[in-house]
Amino acid sequence: MLARLLRRLYLFQMISGALLGGFLAVQSAQAGRGALSLVFIPLSAVLLPLLLQFLVIAISMVRSNAGGQTTLWWRALRGEFRAAITVFVLRMPWAGKRPVVLPQLTPPSADPFKAPAPVPVLLVHGFICNHRVWDDVALALRQAGHPVLAIDLEPLFTSIDDYAVLIEQAVTELLAKSAASQVALVGHSMGGLAIRAWLRAHGSSRVARIVSLGSPHWGTHSVKTSMAPMMPNAGQMAWHSSWLQALDASETPATRALMHIALTHQDNVVYPQRGQTLAGATVTEFNGRGHLQLCLDQALIAWLVQRLAPQDLPHATSSAH
């Protein structure tokens, strides 16, 4: 659904850019620059979508009052723009219908001296995204030996609680195909909240670790509660919403001990950035990254792979059901 919407959006933007280019071409031809005028049409068709993307990111960076030095702010702006082009233009509009599990674990060994197998990993994307946001992360995890499943959260606009059903189906599928007893769950942005909503509904007995990247655990000022009638999930992510407070109250210290939170001080979507910690969860801070960039940054991906390494997990995850 999202892929189709994005393709239509970019087609509209490119047609609008071509029309603008046509107008400029006519003006240029009338000024006696006929050969040069033909360049405006394809150039405007390409540049208009890129310019709109850059303006949205730049405005969000200013509104979020991203912290840190000026050099970090500019670094995050450049990185977020590159990430947006990579994910929103080159990947998500061309997403296939079904994410793939890669690779499949062999049945667990009964040898107590054999190293535990890498834990299966479920990847849960954020608001108005799809599974293609995880391409770099999924590749790194696969190379480390993890079975990986990246799901799509649809419909786009519904209560975050509704996504718990999709996550439960994915966890069941991943455990069945990997012959493991536990999974790790990784969520970006709203995906971290969807994982927590699933935990509230189904418990943590099958969970080895939870990692969230740039998740609005206490909400963000970039959305308002008034958005709830049209976009319930957006309204739930408003700063200190009643839904988030109830979610916080439902979690035990044992659940929080499973959680690792990654946040960036230059997050242009989830802010206040330093307000996204949870009592009892482990927090790691990154500088000079934008919100979407968290899913592509190689240093952060290396950190994530390390957090999910068998030797870093608190208990074995490869025993049979």
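Start at 1 with the first residue, then count along the sequence.
A heavy-atom distance below 4.5 Å is found between the side chains of I128 and F157. A 4.5 Å side-chain heavy-atom check between W134 and V148 finds every atom pair outside the cut-off. You'll find the side chain of D136 reaches within 4.5 Å of the side chain of I301, heavy atoms only. V186 has its side chain out of reach of V124: every pair of non-hydrogen atoms, C-beta onward, lies at least 4.5 Å apart. A heavy-atom distance below 4.5 Å is not found between the side chains of L213 and S189. Side-chain atoms of L185 and W198, non-hydrogen and from C-beta on, do get closer than 4.5 Å to each other. A 4.5 Å side-chain heavy-atom check between L193 and H217 finds at least one atom pair inside the cut-off. With a 4.5 Å cut-off on side-chain heavy atoms, H146 and L308 count as touching.
The side chain to side chain contact (heavy atoms under 4.5 Å, CB included) with L292 is formed by just one residue from the set I57, V87, T86; it is V87. Here the rule is side chain to side chain contact (heavy atoms under 4.5 Å, CB included) with L258, and of V211, T282, V207 only V207 fits it. With D267 as reference, H291 is the one residue of Q273, R274, H291 to meet the side-chain hydrogen bond (donor to acceptor under 3.5 Å, both in side chains) rule.
Rounding to the nearest 0.5 Å places CG of L123 at 9.0 Å from SG of C295. Rounding to the nearest 0.5 Å gives a distance of 8.0 Å between CG of N130 and CD of E154. Atom CD in Q276 sits 7.0 Å away from atom OG1 in T220 (nearest 0.5 Å). The distance from atom CG of L247 to atom CH2 of W218, rounded to the nearest 0.5 Å, is 8.5 Å. Between D248 atom CG and R256 atom CZ the span is 4.5 Å, to the nearest 0.5 Å. Atom CG of residue L47 and atom CZ of residue F54 lie 13.0 Å apart, to the nearest 0.5 angstrom.
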With side chain to side chain donor-acceptor pair (under 3.5 Å) as the test, would you mind laying out the steps for S159 and Q236 before giving the verdict?
-> CA-CA 8 Å; S159 170; Q236 289 168 331; 3.0 Å; yes
Under the side-chain contact (heavy atoms from CB on, under 4.5 Å) rule, what do L149 and I151 come out as? Steps first, then yes or no, please.
-> CA-CA 6 Å; L149 176 60; I151 64 172; 4.1 Å; yes
Could you go step by step and tell me if L77 and F81 meet the side-chain contact (heavy atoms from CB on, under 4.5 Å) rule?
-> CA-CA 6 Å; L77 176 62; F81 179 64; 5.6 Å; no
Stepwise side-chain contact (heavy atoms from CB on, under 4.5 Å) check, V171 with L174 = CA-CA 5 Å; V171 167; L174 192 51; 5.8 Å; no
Does the side-chain contact (heavy atoms from CB on, under 4.5 Å) test come out yes or no for L199 and M259, once each step is laid out?
-> CA-CA 11 Å; L199 278 172; M259 298 181 182; 4.1 Å; yes
Can you list the steps and then say if H188 with S215 is a side chain to side chain donor-acceptor pair (under 3.5 Å)?
-> CA-CA 6 Å; H188 174 246; S215 291; over 6 Å; no
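Taking every heavy atom of both residues into account, I195 and G187 meet most closely at CD1-N, 3.5 Å. Nearest heavy-atom pair, S64 versus M61, reported as atom, atom and distance to 0.1 Å: OG-O, 3.1 Å. Pairing each heavy atom of A3 with each of P93, the nearest pair is CB-O, 3.4 Å. Between H125 and V133, the shortest heavy-atom contact is CB-CG1, 3.8 Å. Taking each heavy atom of P216 and M237 in turn, the nearest pair found is CG-SD, 3.8 Å. Shown here for A234 and F127, the closest heavy-atom pair between the two residues is CB-CZ, 4.0 Å.
Both L304 and V283 are members of a single hydrophobic cluster when ILVMFWY side chains are connected at heavy-atom separations under 4.5 Å. If you chain together hydrophobic residues whose side chains sit under 4.5 Å apart, M92 and L5 fall into the same group. Residues L90 and Y10 are members of one and the same hydrophobic cluster, defined by side-chain heavy-atom contacts under 4.5 angstrom among Ile, Leu, Val, Met, Phe, Trp and Tyr. Linking Ile, Leu, Val, Met, Phe, Trp and Tyr residues whenever their side-chain heavy atoms come within less than 4.5 Å leaves V269 and M231 in two separate clusters.
Under the salt bridge (charged side-chain N to carboxylate O under 4.0 Å, His left out) criterion, E168 pairs with R206, sequence neighbours left out. Residues satisfying the ring pair (Phe, Tyr, Trp, His ring centres under 6.0 Å) test with W303, not counting sequence neighbours, are F286. Here W239 pairs with H221 under the ring pair (Phe, Tyr, Trp, His ring centres under 6.0 Å) rule; sequence neighbours left out.
Formation of a donor-acceptor pair under 3.5 Å by the Y271 side chain with backbone atoms of H265 is not found in this model.
No more than 12 heavy atoms of other residues, nucleotides or ligands lie within 6.0 Å of CZ in R8, so this atom counts as exposed by the packing criterion.
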